[in-house]
Novice: 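Below are the structure tokens for one structure; questions will follow.
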Protein chains: 2
Amino acid sequence: MATQTAAQRREQARRDYDAFLRGCPTNQLLDRISDKWVSLVVSALAAGPMRYSDLGRKIAGVSPKMLTQTLRSLERDGILSRTVTPSVPVRVDYELTPLGHSLALLLTAVKDWAETHIEQVHQARERYDGDN
Amino acid sequence: MATQTAAQRREQARRDYDAFLRGCPTNQLLDRISDKWVSLVVSALAAGPMRYSDLGRKIAGVSPKMLTQTLRSLERDGILSRTVTPSVPVRVDYELTPLGHSLALLLTAVKDWAETHIEQVHQARERYDGDN
DNA sequence: CGGAATCCTCCTTGATACTG
DNA sequence: CAGTATCAAGGAGGATTCCG
């Protein structure tokens, strides 16, 4: 059995690390909230329940596929609840769970940091782009 | 002229919305911190300055390309500073700026939320996957 | 109305190899 | 040591179409 090559060792390390990252709560959460549409859906629902098509209209530019996909994954994670009213036509309401409201609070903290510091970031970028 | 199709209207809306999102501080921040390697680099540097290859070793599994790309973008945003010591061989140190340390604090808040609530998320998933 | 299934196209990621 | 250049692949996201 030959010694591992450097490439094989790197690949092994990468695999281990990927496994670690998948198990890391922080990265799981970051993956979730950084999804393009998640923060928009959560903040839209923070104000109160909404129907599928209301969300689609409020979050202009989202395709039905991505909206459904986003809502499903958030439902699966217990962030929001989905209620079907079997009228004709069908009516489906989405609403934040307590866990979802808690997440909305965290997103508010993120938003506050962003709004407080974004100007510093922009200034840093101008400096960086100007100098280089 | 012809009526726009639904897709065309949505594309226009999507374009407008993309522009809005690019200008939205919260989404800019989420884009930044959700990058696979950013949180790892920031938390690694939160403990103190490190050299390029130290980071590469500490964050196992990152390729030189991604490490450089991550470091450059964080430097551009004023999150960390890059110091070259022109010795032989060259020595390059990376260190968080005050802004970077502030960001590290936010990441700590995210981490705390994640560790506090991840169990609820996992339970919700099991319930969802079990029921379905 | 509220989706599901399919196809297709970028864009990011990462491997590999080379340089000052 | 600290990167850069190039290339290939996979997956995320969008368009389109159809169903209950």
Side-chain angles (χ1 to χ4, degrees), chain A residues 4-18 21-22 31-32 34-38 40-41 49-76 80-94 132, chain B residues 4-18 21-22 31-32 34-38 40-41 49-75 80-95 132:
Chain A
Q4 286 187 115
T5 64
Q8 285 172 324
R9 271 193 305 273
R10 255 180 278 124
E11 197 194 336
Q12 182 59 42
R14 191 180 54 73
R15 235 194 285 281
D16 292 348
Y17 218 69
D18 280 355
L21 289 182
R22 272 195 303 278
D31 273 1
R32 179 73 44 223
S34 67
D35 181 283
K36 187 177 179 183
W37 305 111
V38 164
L40 298 168
V41 168
M50 289 182 91
R51 299 178 58 176
Y52 181 87
S53 48
D54 290 336
L55 283 167
R57 236 169 289 115
K58 172 131 189 173
I59 306 173
V62 68
S63 65
K65 174 185 170 180
M66 290 317 294
L67 183 54
T68 298
Q69 187 174 306
T70 303
L71 290 168
R72 283 288 186 281
S73 75
L74 291 176
E75 185 196 359
R76 177 166 183 263
L80 52 80
S81 63
R82 177 172 177 269
T83 309
V84 180
T85 307
S87 53
V88 178
V90 186
R91 175 195 176 102
V92 181
D93 286 274
Y94 291 93
N132 78 355
Chain B
Q4 286 184 116
T5 65
Q8 285 173 325
R9 270 193 305 274
R10 198 170 47 244
E11 196 196 336
Q12 181 59 43
R14 190 178 55 73
R15 235 194 286 279
D16 293 348
Y17 219 68
D18 279 356
L21 289 183
R22 273 195 301 278
D31 273 1
R32 181 72 44 216
S34 66
D35 181 281
K36 187 176 179 183
W37 305 111
V38 163
L40 298 168
V41 168
M50 291 183 91
R51 299 177 59 174
Y52 181 87
S53 49
D54 291 335
L55 283 167
R57 236 169 289 114
K58 171 131 190 173
I59 306 173
V62 67
S63 65
K65 175 185 168 181
M66 290 315 296
L67 184 54
T68 299
Q69 187 174 304
T70 303
L71 290 168
R72 285 287 188 283
S73 76
L74 290 176
E75 185 196 0
L80 53 79
S81 63
R82 178 173 177 270
T83 310
V84 181
T85 307
S87 52
V88 178
V90 184
R91 176 196 177 101
V92 181
D93 286 275
Y94 292 91
E95 182 176 11
N132 77 354

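Here is the naming used below: chain letters follow the sequence lines, and residue numbers restart at 1 for every chain.
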Novice: Among D/dT4, C/dC1, D/dG14, which nucleotide sits nearest the side chain of A/R51?
Specialist: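 In terms of side-chain proximity for A/R51, the closest of D/dT4, C/dC1, D/dG14 is C/dC1.
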Novice: So if I take every side-chain heavy atom of B/S63 and compare against C/dG14, D/dA2, D/dG13, which nucleotide ends up nearest?
Specialist: C/dG14
Novice: Test salt bridge (charged side-chain N to carboxylate O under 4.0 Å, His left out) on B/D54 and B/R57 and set out the steps.
Specialist: CA-CA 5 Å; B/D54 291 335; B/R57 236 169 289 114; 3.3 Å; yes
Novice: Nearest to the side chain of B/R82, which nucleotide is it out of C/dG3, D/dG3, D/dG13?
Specialist: D/dG3
Novice: Using the side-chain heavy atoms of B/P64, tell me which of these nucleotides is nearest: C/dG2, D/dC1, D/dG3.
Specialist: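 So the side chain of B/P64 is nearest to D/dG3.
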Novice: Using OP1 and OP2 only, check whether a side-chain N or O of A/T68 sits under 4.0 Å from C/dG3.
Specialist: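 The answer is no; no side-chain N or O of A/T68 sits under 4.0 Å from OP1 or OP2.
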Novice: Output the single nucleotide from C/dG20, D/dA5, C/dG2 whose closest atom is nearest the side chain of B/K65.
Specialist: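 Between C/dG20, D/dA5, C/dG2, the one nearest the side chain of B/K65 would be D/dA5.
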Novice: Looking at D/dA2, C/dT13, C/dC1, which one has an atom nearest to any side-chain atom of B/D35?
Specialist: C/dT13
Novice: If you check the B/Y52 side chain, which of D/dG3, C/dG2, C/dT13 turns out closest?
Specialist: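 Looking only at heavy atoms from C-beta outward on B/Y52, the closest nucleotide is D/dG3.
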Novice: Applying the side-chain contact (heavy atoms from CB on, under 4.5 Å) test to B/M50, which of B/L55, B/V92, B/L80 qualifies?
Specialist: B/L55
Novice: I'd like to know whether B/L74 forms a side-chain contact (heavy atoms from CB on, under 4.5 Å) with B/R32, so could you lay out the CA-CA distance, the side-chain angles of the two residues, the decisive distance to 0.1 Å, and finally the verdict.
Specialist: CA-CA 9 Å; B/L74 290 176; B/R32 181 72 44 216; 4.0 Å; yes
Novice: Could you pick out which residue, A/V92 or B/V90, lies toward the 5' side of DNA chain C when each is mapped onto its nearest nucleotide?
Specialist: A/V92
Novice: Please test A/L40 against A/V62 for side-chain contact (heavy atoms from CB on, under 4.5 Å), starting from the C-alpha separation and ending with a verdict.
Specialist: CA-CA 10 Å; A/L40 298 168; A/V62 68; over 6 Å; no
Novice: What's the closest nucleotide to the side chain of B/W37 if the choices are C/dG14, C/dG2, C/dA4?
Specialist: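 So the nucleotide nearest the side chain must be C/dG14.
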Novice: Using OP1 and OP2 only, check whether a side-chain N or O of B/R72 sits under 4.0 Å from D/dT4.
Specialist: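 Yes, within the criterion.
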Novice: Using a cut-off of less than 4.0 Å, is there contact between a side-chain N or O of A/Y94 and OP1 or OP2 of C/dG3?
Specialist: yes
